[in-house]
There are 2 protein chains.
Amino acid sequence: MGPMSETSPPAPQGDPLDQFLCFSVYATGLAFNRVYKPLLDRFGITYPQYLALVALRGADAQTVSALGAKLHLESNTLTPLIKRLESAGLVTRTRDKQDERVVRVALSDAGRSLIDDALGCIPAALLEATGMRAEELTALNHKLASLGAALRSAAAPAGRAG
Amino acid sequence: MGPMSETSPPAPQGDPLDQFLCFSVYATGLAFNRVYKPLLDRFGITYPQYLALVALRGADAQTVSALGAKLHLESNTLTPLIKRLESAGLVTRTRDKQDERVVRVALSDAGRSLIDDALGCIPAALLEATGMRAEELTALNHKLASLGAALRSAAAPAGRAG
DNA sequence: TGCGATTTAATCGCGCGCGATTTATATGGG
DNA sequence: CCCATATAAATCGCGCGCGATTAAATCGCA
C-alpha cells in the first residue's frame, strides 16, 4: 500500500511508513506475535501452530490441502509444521487408504485438550491487550477479511481484468 | 484475538479462524506479500527490504536502532537485512566517528533512485489490488495503527496495569 | 492395458523475526 | 586510572513463508 490520501500537503507526519496500510498490517502482525509469544510458550507451541490447531479443531481428519485452504498456506509450509506438531504428540498423520497421495491430519487427545485449554484463556488475554471493544474489533475483522480476499484474488495468476 | 462477538448462537460460519482478528491480520499480511512479490522482484528486493528503503528515504544516515524503531525491528533482524542491501549496492554502512558503537545506514545513489522508481509505480498497483477506495483504506490504516500501538504497549515487559 | 497428464505431499534453499548470547565501545564511580 | 555497568550492533539457532523442484499415486484416454 502507498500514501493513501494524496490530499495532505502541509505536515510531513511522523514517519512516511505510517502512511502505508501494508505497513500497519505488517507491524500489527508482528505486535500480535509478541503478545501471543509468552502465552503460547506456556503451551509449547508457536503462533502458526496455534492457528493450525484451531483449524483442526473445527473439523477432524483434514487433508493437508484442506488445512492449507483454511490457513492460506501450502504443503511446503504446512508439512514441516505438522510434523513438528506430530513430534510433540499433538496431531496424528495418516495416509488415506482410498487415495495414498493424501495425508489426513487429526488432533490427538493431547492436542485437543491443549487447544481447548489454550482457547479457554488466550482469547480473553488478547482481547484485553487490544484495549478495544469487541464490536469494534469485529468490524475491523470484517474489513480486513475483505481486504485480504481482494488481495488474494489480485495475486491469483489467472484470468483477471485490469 | 478470539471469537469476538459471543452473541452469535445459530450459524457455525465458514471457519472458526475467520472469527479471529489476529488471523485476519496474519492472512492479510501474507496476501500483501503475495501481491508485492512479483512487483518487487523486478527491483531485486524483498518486502522487508522495501520497507527499510522507504524508512531510509525519510531521513538519511540513520542508526540501526533508529531504523529499528521505525520498522519495529531490532538489530538481530536488521543487521543481516542491511548487509544484504549493502551487498546489492543500495545502502552504505558507516561507523560513527563520535561513537564507534553505532552504525549509520544511508541510501546510496542507486538505492535512492531504486526506491524512487519503486514508489513511482508500486503504491498505485497496490491500491488497485485492494479494490477499495483510498479514504476507506486510510480509515482502516488508522484503526490498525492504534491497534498495533495498543498491542505493542501490552507486550512491553515493564509497568502495566491489568 | 499402457502411458502421459494431473494431483497431493514432501523436499530444498533463502530471507526473514526473534530469543539468547557475544563483542566492542562508551560512561561513571571509587 | 581502573573496572563495573551500560549501550549498540552483531552473531547464532530455530521456525516459519514460499518459489522451485521432486516423488508418488491416481486418472484419463486411446
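Quick note: numbers below take in every heavy atom, side chains included, and nothing from hydrogens, waters or symmetry partners. Below, read A as the first sequence line, B as the second, and so on, with proteins coming before strands; counting in each chain starts at 1.
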Enquirer: Could you check how far CG of Leu71(A) sits from P of dG15(D), rounded to whole Å?
Expert: 18 Å

Enquirer: Check whether more than 12 heavy atoms from other residues, nucleotides or ligands sit under 6.0 Å from atom CD of Glu74(B), and answer yes or no.
Expert: no

Enquirer: When the nearest nucleotide of DNA chain D is assigned to His72(A) and to Lys83(B) on a heavy-atom basis, which residue is associated with the more 5' position?
Expert: Lys83(B)

Enquirer: Do the ring centers of Phe32(B) and Tyr26(A) come within less than 6.0 Å of each other?
Expert: no

Enquirer: Using a strict cut-off of less than 4.0 Å between a Lys/Arg side-chain nitrogen and an Asp/Glu carboxylate oxygen, indicate whether Arg93(A) and Glu86(A) qualify as a salt bridge.
Expert: yes

Enquirer: Nearest whole Å is fine: how far is dC16(D) P from Asn33(A) CG?
Expert: 10 Å

Enquirer: Can you find a side chain N or O atom of Thr46(B) that sits less than 4.0 Å from OP1 or OP2 on dC16(C)?
Expert: yes

Enquirer: Could you please name the option among dT8(C), dG17(D), dC12(C) that lies closest to any side-chain atom of Leu73(A)?
Expert: dG17(D)

Enquirer: With nearest nucleotides of DNA chain D determined for Ser65(B) and Gln49(A) from heavy-atom distances, which residue corresponds to the more 5′ nucleotide?
Expert: Ser65(B)

Enquirer: Base, sugar-phosphate, or nothing for Asn76(A), non-hydrogen atoms under 4.0 angstrom?
Expert: base

Enquirer: Take the protein atom CG of Leu53(A) and the nucleotide atom P of dG15(D), then report the distance between them rounded to whole Å.
Expert: 15 Å

Enquirer: What's the closest nucleotide to the side chain of Pro48(A) if the choices are dA10(C), dG17(D), dT8(C)?
Expert: dG17(D)

Enquirer: Take atom CD of Glu74(B) and atom P of dT11(D), then tell me their distance rounded to the nearest Å.
Expert: 16 Å

Enquirer: Which nucleotide in the list dT25(C), dA9(C), dT26(D) gets nearest to the side chain of Asp99(A)?
Expert: dT26(D)

Enquirer: Please figure out whether Val102(A) or Lys97(B) has its closest DNA chain C nucleotide nearer the 5' end.
Expert: Val102(A)

Enquirer: Separation of Asp41(B) atom CG from dG19(D) atom P, in whole Å?
Expert: 9 Å

Enquirer: From CD of Gln98(B) over to C1' of dT7(D), roughly how many Å is that when rounded to an integer?
Expert: 17 Å

Enquirer: Base, sugar-phosphate alone, or nothing: which one does Arg93(B) contact when heavy atoms must sit under 4.0 Å apart?
Expert: sugar-phosphate

Enquirer: Below 4.0 angstrom from OP1 or OP2 of dG17(C), is there any side-chain N or O of Tyr26(A)?
Expert: yes

Enquirer: Among dT26(D), dA9(C), dA10(D), which is the nearest nucleotide to the side chain of Glu100(A)?
Expert: dT26(D)

Enquirer: Roughly, in whole Å, what's the span from OH in Tyr47(B) to P in dC18(D)?
Expert: 13 Å

Enquirer: Return no unless some side-chain N or O of Arg84(A) is found under 4.0 Å from OP1 or OP2 of dC16(D).
Expert: yes

Enquirer: Could you pick out which residue, Arg34(A) or Arg95(A), lies toward the 5' side of DNA chain C when each is mapped onto its nearest nucleotide?
Expert: Arg95(A)

Enquirer: Would the number of heavy atoms belonging to other residues, nucleotides or ligands and lying under 6.0 Å from CG of Asp41(A) be above 12?
Expert: yes

Enquirer: Less than 4.0 angstrom between a side-chain N/O of Ser75(A) and OP1 or OP2 of dT11(C), yes or no?
Expert: no

Enquirer: Let me know which of Asp60(A), Asp96(A), Thr94(A) forms a side chain to side chain donor-acceptor pair (under 3.5 Å) with Arg104(A).
Expert: Asp96(A)

Enquirer: Can you check the Leu90(A) CG to dG15(D) C1' distance for me, whole Å?
Expert: 16 Å

Enquirer: Relative to each other, are the rings of His72(B) and Phe23(A) parallel, tilted or perpendicular (30° and 60° limits)?
Expert: parallel

Enquirer: From C-beta outward on Leu81(A), which listed nucleotide comes closest to its side chain: dC16(C), dC16(D), dA9(D)?
Expert: dC16(D)

Enquirer: With a non-hydrogen cut-off below 4.0 angstrom, is Leu30(A) in contact with a base, only sugar-phosphate, or nothing?
Expert: sugar-phosphate

Enquirer: With a 4.0 Å cut-off on heavy atoms, is Thr77(B) in touch with a base, just the backbone sugar-phosphate, or nothing at all?
Expert: base

